[in-house]
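Worksheet: one structure, shown below.
Every chain is numbered from 1, with letters handed out A, B, ... down the list of sequences. All values below were derived from every heavy atom in this structure, side-chain atoms included, with hydrogens, water molecules and symmetry-related copies excluded.
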Number of protein chains: 2
Amino acid sequence: MSQRKVSGDAGRATIRDVAEQAGVSVASVSRVLSGNYPVSEELRRRVMKVVRDLDYVTNAHARSLAGGGTPTVAILMDNITGAAFAHVAKGVEGAATLRGWLSLVGTTGNDPERELALVNLMRQQGVAAVVLLGGAYDQDEYQLRMARFARSLDAAGSRLVLVGRPSLEGDVPATTVDYDNEGGAYAMASHLLSAGHREVLVLPGHAGLSTAQGRLRGAQRAFEAYGVTFDPGMVRHGPYDDQHGYRAVEQALRDGPAFTAVLAGTDVVAAGAMQALRAAGLRVPEDVSIVGYDDIPLASQLTPQLTTVHVPYEEMGRVALRAVADLREGGGGRRKGIDGDHLVLGTHVVVRNSVRPPTRP
Amino acid sequence: MSQRKVSGDAGRATIRDVAEQAGVSVASVSRVLSGNYPVSEELRRRVMKVVRDLDYVTNAHARSLAGGGTPTVAILMDNITGAAFAHVAKGVEGAATLRGWLSLVGTTGNDPERELALVNLMRQQGVAAVVLLGGAYDQDEYQLRMARFARSLDAAGSRLVLVGRPSLEGDVPATTVDYDNEGGAYAMASHLLSAGHREVLVLPGHAGLSTAQGRLRGAQRAFEAYGVTFDPGMVRHGPYDDQHGYRAVEQALRDGPAFTAVLAGTDVVAAGAMQALRAAGLRVPEDVSIVGYDDIPLASQLTPQLTTVHVPYEEMGRVALRAVADLREGGGGRRKGIDGDHLVLGTHVVVRNSVRPPTRP
DNA sequence: TTGAAAGCGGTACCAT
DNA sequence: ATGGTACCGCTTTCAA
């Protein structure tokens with residue numbers, strides 16, 4: 001906890017060093033560096049020369065303290081190696097950098113305590129916004145928890161942004177950037193149904209996860225729309241990973257029920273399902289069709305390339321950052337009684353080669 | 001005009017607010033919060049109650065300025081969505097969090113100017129270390145550039161850490177964490193050769209990229225060791241992406257040369273190569289064998305699962321952070337027998353199902 | 001044990 | 001156009 005000054009730290013030049021060496025006042029140096037105030041060409045050159053000589057950079061902490069400072073966004077996610085999250089992070093980071101903002105990243109490992117600790121840590125950093133990525137469990141508790149985060153952050157002049165998570169009910173100062181999750185699943189299931197599939201194995205994800213629930217609902221609605229009875233017995237819940245896809249298919253192949261297509265909750269799950277099918281000597285899509293969700297690069301790297309639902313992850317990240325940036329600039333006095341904007345982006349089916357009409361023997 | 005002028009609403013609560021409301025001095029509050037100084041139980045309780053009431057968190061910038069502060073690592077990489085990089089980042093971030101450190105992330109988009117700007121930005125932040133990920137181009141300039149970064153950072157009490165990049169020559173204050181890149185390629189090529197392959201299409205990566213060069217060298221050495229002439233005409237340089245793998249194979253299939261195996265520079269390139277082979281009606285591995293490099297999750301999601309070289313990316317990240325943390329704490333007394341400046345981790349071949357002896361008609 | 005006060009490195013307002 | 005200087009919020013002597 002106690003951080004002593006480290007050896008070389010004494011060597012870092014300060015604005016006073018620069019002022020002295022250039023024979024000017026600190027105020028002048030500050031002006032030259034900020035560039036937001038008229039300064040004589042002569043002074044500017046004198047100062048800049050010393051700055052280069054000393055390899056001086058301003059101390060960001062001091063600057064923040066004094067009022068200025070670089071706005072910073074914090075991106076908190078479950079796991080940075082998840083392709084979908086990584087794309088959102090890229091969108092946020094890219095948009096942040098474009099505006100000269102900084103990005104902090106933290107991973108929660110799906111641990112509520114770590115999430116709380118990180119939110120507080122970010123609050124200490126005085127970040128302009130905290131972006132939370134990914135689906136959520138436990139709706140009731142989630143709502144309470146996030147509302148608390150939102151207010152806490154808001155009191156510190158920061159903004160909570162929920163990306164790909166349920167938006168908050170009531171009068172809570174937060175921004176939500178979402179995608180048409182259920183609609184995407186509806187379209188994807190419809191695609192399968194219109195190809196003639198009726199017995200489809202559904203692997204929506206974890207039963208308690210918000211995104212999984214939405215995808216399942218979308219699929220159900222599609223079945224209804226097609227006048228096909230949706231059989232709950234065809235659903236297998238589990239994590240968004242390839243192992244789950246593999247096991248679920250392997251087991252269904254062994255113990256039934258019979259199916260002609262797999263509707264996977266994510267592309268990664270679809271990849272696992274594909275492996276299991278192959279291992280059983282089945283061809284995709286000749287014998288069984290598969291579709292995924294997310295449209296991460298993996299989808300087009302598989303053979304056959306996966307028909308899936310495109311989710312604009314990177315764009316969501318960009319949009320999220322833009323939203324807080326706008327709020328920050330335009331903001332000012334009007335943030336009373338606003339229950340947080342709620343932006344939702346569209347999804348669409350990307351047809352590739354993993355679906356064929358069922359061939360009944 | 002909103003009339004919300006409730007206590008402390010004019011921004012976030014400061015240590016003075018807490019002190020006042022608790023009827024104690026700011027010094028006492030500071031002591032209670034830092035916890036590194038004896039304090040009466042009574043005082044502690046009084047202060048903590050107010051802290052909770054006000055939902056107070058210390059201002060990290062002020063704390064840093066005053067000498068305390070959370071150590072922060074900056075991770076700079078080309079692109080956060082690259083699986084290999086993401087795993088290194090995960091390792092760094094995880095190890096950092098474990099120690100209560102913070103992680104900043106920046107992406108350079110392979111632009112030297114952005115890299116420079118980011119290094120300076122991180123220097124402003126007073127980060128404990130700047131971790132640079134990924135291969136490097138242009139050896140001579142690279143050496144100069146990095147040496148400059150290293151010294152600049154060092155003068156500010158920060159440490160430059162190069163991960164998966166060439167180490168620096170001469171007496172430069174930097175730490176390198178690397179893996180046995182050439183050795184991995186040597187082993188991988190040997191695997192192919194020992195299976196009987198002699199005509200192998202080599203897709204090492206960009207000609208100027210350090211990792212690509214190492215992988216190519218490793219392959220060449222393996223050919224020599226097997227007494228097989230290495231034909232430069234079998235090499236196709238290009239980026240580490242699936243498109244390059246696809247095009248290179250497609251073109252070789254059309255215009256020659258003939259080959260029975262593909263030695264790809266990364267798993268992603270291998271994925272592209274596999275697609276091209278399939279598109280041409282060739283089977284993997286019956287007609288053509290393929291091997292990759294990196295062992296990212298994709299390798300085992302492909303069909304057939306890819307035989308590849310495992311690189312301990314996440315561990316490298318952990319090791320990198322540990323190295324700087326040790327350096328920071330140890331200050332003078334470092335662990336004996338360990339050269340903390342250049343660490344290199346091992347690689348090994350992971351045999352899966354993408355290789356078979358060649359079948360010559 | 002607790003309090004008062006001197007910085008830490010900048011910024012910006014007030015003079016000149 | 002410059003210089004002087006009072007803060008920003010916190011940590012850490014130095015006294016009491």
Side-chain angles (χ1 to χ4, degrees), chain A residues 1-6 9-48 50-51 54-71 123-126 155-157, chain B residues 8 10-47 50-51 54-71 121 123-126 155-157:
Chain A
M1 272 301 195
S2 62
Q3 306 297 326
R4 280 184 321 150
K5 290 246 164 193
V6 184
D9 208 64
R12 183 164 173 181
T14 74
I15 195 172
R16 248 168 285 264
D17 297 331
V18 177
E20 201 168 323
Q21 182 136 1
V24 302
S25 73
V26 294
S28 294
V29 177
S30 177
R31 290 191 186 109
V32 170
L33 266 44
S34 330
N36 51 16
Y37 203 86
V39 166
S40 78
E41 193 46 43
E42 156 65 3
L43 202 167
R44 138 164 284 104
R45 269 218 319 289
R46 288 250 298 280
V47 170
M48 289 314 284
V50 177
V51 164
L54 266 44
D55 198 16
Y56 168 84
V57 288
T58 72
N59 180 323
H61 297 300
R63 192 202 285 256
S64 290
L65 230 205
T70 313
R123 204 145 59 93
Q124 294 182 18
Q125 300 296 318
Chain B
R12 67 200 248 202
T14 75
I15 196 173
R16 242 172 293 264
D17 297 332
V18 177
E20 201 169 322
Q21 182 138 359
V24 302
S25 73
V26 294
S28 295
V29 176
S30 175
R31 291 191 184 108
V32 170
L33 265 45
S34 326
N36 52 14
Y37 203 86
V39 166
S40 78
E41 192 47 44
E42 157 66 4
L43 202 170
R44 141 164 280 104
R45 269 218 317 289
R46 288 249 298 277
V47 170
V50 177
V51 165
L54 265 45
D55 196 16
Y56 169 83
V57 287
T58 73
N59 180 322
H61 297 299
R63 193 205 285 260
S64 293
L65 229 204
T70 312
L121 193 59
R123 203 145 60 93
Q124 295 181 14
Q125 299 296 316

Tyr37(A) has an atom OH; how far is it from atom C1' of dG10(C), in whole Å? 17 Å

N or O in side chain of Ser40(B) less than 4.0 angstrom from dT2(C) OP1/OP2: yes

Minimum-distance pair of heavy atoms, taken over all atoms of Ala156(A) and Arg123(A): CB-CG, 4.0 Å

What salt bridge (Lys or Arg N to Asp or Glu O under 4.0 Å) pairs are there with at least one residue in residues 25-36 of chain A, not counting sequence neighbours? none

Report yes if at least one side-chain N or O of Tyr56(A) is closer than 4.0 Å to OP1 or OP2 of dG10(C); otherwise report no. yes

One would report the end-axis bend of the helix from dT1(C)-dA16(D) to dT16(C)-dA1(D), five pairs per end and rounded to 10 degrees, as 40°

Closer to the 5' end of DNA chain C via nearest nucleotide, is it Ala62(B) or Pro38(B)? Pro38(B)

Give the C-alpha distance, both sets of side-chain angles, the deciding distance and a yes or no for side-chain contact (heavy atoms from CB on, under 4.5 Å) between Arg46(B) and Val32(B). CA-CA 10 Å; Arg46(B) 288 249 298 277; Val32(B) 170; over 6 Å; no

Round to the nearest Å and state the distance from Arg63(B) atom CZ to dC8(D) atom C1'. 16 Å

Rounded to the Å, how far apart are Glu20(A) CD and dG3(D) P? 13 Å

Check the distance between dC8(D)'s C1' and Leu65(B)'s CG and give it to me in whole angstrom. 9 Å

Could you please name the option among dG9(D), dG10(C), dG3(D) that lies closest to any side-chain atom of Thr14(B)? dG9(D)

What nucleic acid atoms does Val57(A) come within less than 4.0 Å of, heavy atoms only: base, sugar-phosphate, or nothing? sugar-phosphate

Using side-chain contact (heavy atoms from CB on, under 4.5 Å) as the criterion, list what pairs up with Val26(B), not counting sequence neighbours. Ile15(B), Arg16(B), Ala19(B)

Please tell me which of the listed nucleotides, dG3(D), dG9(D), dG10(C), lies nearest to the side chain of Ala66(A)? dG10(C)

Quick check: does any side chain N or O of His61(B) sit under 3.5 Å from a backbone N or O of Gln125(A), one acting as donor and the other as acceptor? yes

Ile15(A) CD1 to dT2(D) C1', straight-line distance once rounded to whole Å: 14 Å

Is any side-chain heavy atom of Thr14(A) less than 4.5 Å from a side-chain heavy atom of Asn59(A)? no

How would you list, by chain and number, every residue that makes a side-chain contact (heavy atoms from CB on, under 4.5 Å) with Thr58(B), sequence neighbours excluded? Gln124(A), Leu33(B), Tyr56(B), Arg63(B)

Of all heavy-atom pairs between Ser30(A) and Ser34(A), which one has the smallest distance, and what is that distance? O-OG, 2.5 Å

Starting at atom CG of Asp17(A), determine the distance to atom P of dG9(C), rounded to an integer number of angstrom. 8 Å

Distance check needed: dT5(D) C1' versus Arg16(A) CZ, whole Å only. 10 Å

Report the distance from atom NE2 of His61(A) to atom C1' of dT11(D), rounded to the nearest whole Å. 15 Å

Return the set of residues passing side chain to side chain donor-acceptor pair (under 3.5 Å) with Ser40(B) (not counting sequence neighbours), or none when no residue passes. none

Between residues 26-33 of chain B and DNA chain C, which residues have a heavy-atom gap below 4.0 Å? Ala27(B), Ser28(B), Arg31(B)

